[in-house]
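Notes follow the structure.
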Amino acid sequence: QLKLEDYKDRLKKGEVLNQDQLEAVEKYDEVVHNLEFAKELQKTFSGLSQDLLKAQKKAQRRESLLKLEAEKKKLRTILQVQYVLQNFTQEHVQKDFKGGVNGAIYLPSKELDYLIRFAKLTCPERNENL
């Protein structure tokens with residue numbers, strides 16, 4: 001663009017330019033217009049790039065939250081199962097299942113023993129002092 005402006009100034013001062021330089025001066029306005037268009041296009045691409053980065057970050061945050069919620073759900077399920085299993089270690093619960101009373105189904109002693117052993121293996125004992 002600077003070169004074209006120099007040619008234009010030289011032509012105004014009455015200097016003789018060669019054919020290529022004259023053609024370049026004639027296309028000065030077109031070149032300026034194309035440069036402005038390119039600058040606007042660059043701004044548009046820059047804005048789109050920023051929007052894309054924001055969308056990617058938002059999607060990553062959403063994905064992280066979904067993973068966290070899934071982990072919480074798994075943990076809740078584990079804690080619920082542990083709670084149920086721990087109840088099998090209590091004598092009054094065992095009596096209810098052995099007799100099929102108080103809303104408990106009847107469980108043969110062998111099956112109840114399996115559940116009790118499984119509960120002891122999978123449920124750590126709690127220290128009430130902590």
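Atom-to-atom distance recorded for Leu107:CG and Leu112:CG is 6.0 Å, nearest 0.5 angstrom. How far CG of Leu75 is from CD of Gln82: 9.0 Å, rounded to the nearest 0.5 Å. Here Lys95 contributes atom NZ and Asn102 contributes atom CG; the two are 11.5 Å apart, rounded to the nearest 0.5 Å. The distance from atom CD of Glu15 to atom CD of Gln21, rounded to the nearest 0.5 Å, is 8.0 Å. In this structure, Lys57 NZ and Leu52 CG are separated by 11.0 Å, a value rounded to the nearest 0.5 Å. Rounding to the nearest 0.5 Å gives a distance of 10.0 Å between OG1 of Thr122 and CG of Leu115.
In the hydrophobic cluster analysis, where Ile, Leu, Val, Met, Phe, Trp and Tyr join through side-chain heavy atoms closer than 4.5 angstrom, Ile116 is grouped together with Val84. Two different hydrophobic clusters hold Leu121 and Ile78 under the rule that ILVMFWY side chains link at heavy-atom gaps under 4.5 Å. Side-chain heavy atoms closer than 4.5 Å link hydrophobic residues (I, L, V, M, F, W, Y) into clusters, and following such links, possibly through other members, connects Val81 to Phe97. Transitive grouping of hydrophobic side chains (ILVMFWY, heavy atoms separated by less than 4.5 Å) brings Leu41 and Leu48 into a common cluster.
Side chain of Ser49 to backbone of Phe45: no donor-acceptor contact under 3.5 angstrom is found. Side-chain atoms of Thr44 come within 3.5 Å of backbone N or O of Glu40 as a donor-acceptor pair.
Phe88 has its side chain out of reach of Phe118: every pair of non-hydrogen atoms, C-beta onward, lies at least 4.5 Å apart. Looking at heavy atoms from C-beta onward, Lys58 lies in side-chain contact with Arg61 at the 4.5 angstrom threshold.
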Inset, instruction - Let me see the working for Lys67 and Glu71 under salt bridge (charged side-chain N to carboxylate O under 4.0 Å, His left out), right down to the final yes or no. - result: CA-CA 6 Å; Lys67 284 182 181 178; Glu71 288 297 318; over 6 Å; no
Inset, instruction - Start with the C-alpha distance between Lys39 and Glu36, add both sets of side-chain angles, then the distance that settles salt bridge (charged side-chain N to carboxylate O under 4.0 Å, His left out), and finish with yes or no. - result: CA-CA 5 Å; Lys39 285 178 185 176; Glu36 288 174 6; over 6 Å; no
Legend entry - Evaluation steps, side-chain contact (heavy atoms from CB on, under 4.5 Å), between Gln90 and Gln94: CA-CA 6 Å; Gln90 298 176 16; Gln94 293 173 20; over 6 Å; no
Inset, instruction - With salt bridge (charged side-chain N to carboxylate O under 4.0 Å, His left out) as the test, would you mind laying out the steps for Glu30 and Lys27 before giving the verdict? - result: CA-CA 5 Å; Glu30 185 180 336; Lys27 295 186 180 188; 5.7 Å; no
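A side-chain contact (heavy atoms from CB on, under 4.5 Å) with Val31 is found for exactly one of Asn34, Leu35, Asp29, namely Leu35.
Crowding of Glu91 atom CD: a count of heavy atoms from other residues, nucleotides or ligands under 6.0 Å not exceeding 12.
What you find for Ala119 and Thr89 is that their closest heavy atoms are CB-CG2, 4.0 Å. Among all heavy-atom pairs drawn from Asn18 and Asp20, the shortest one is OD1-N, 3.1 Å.
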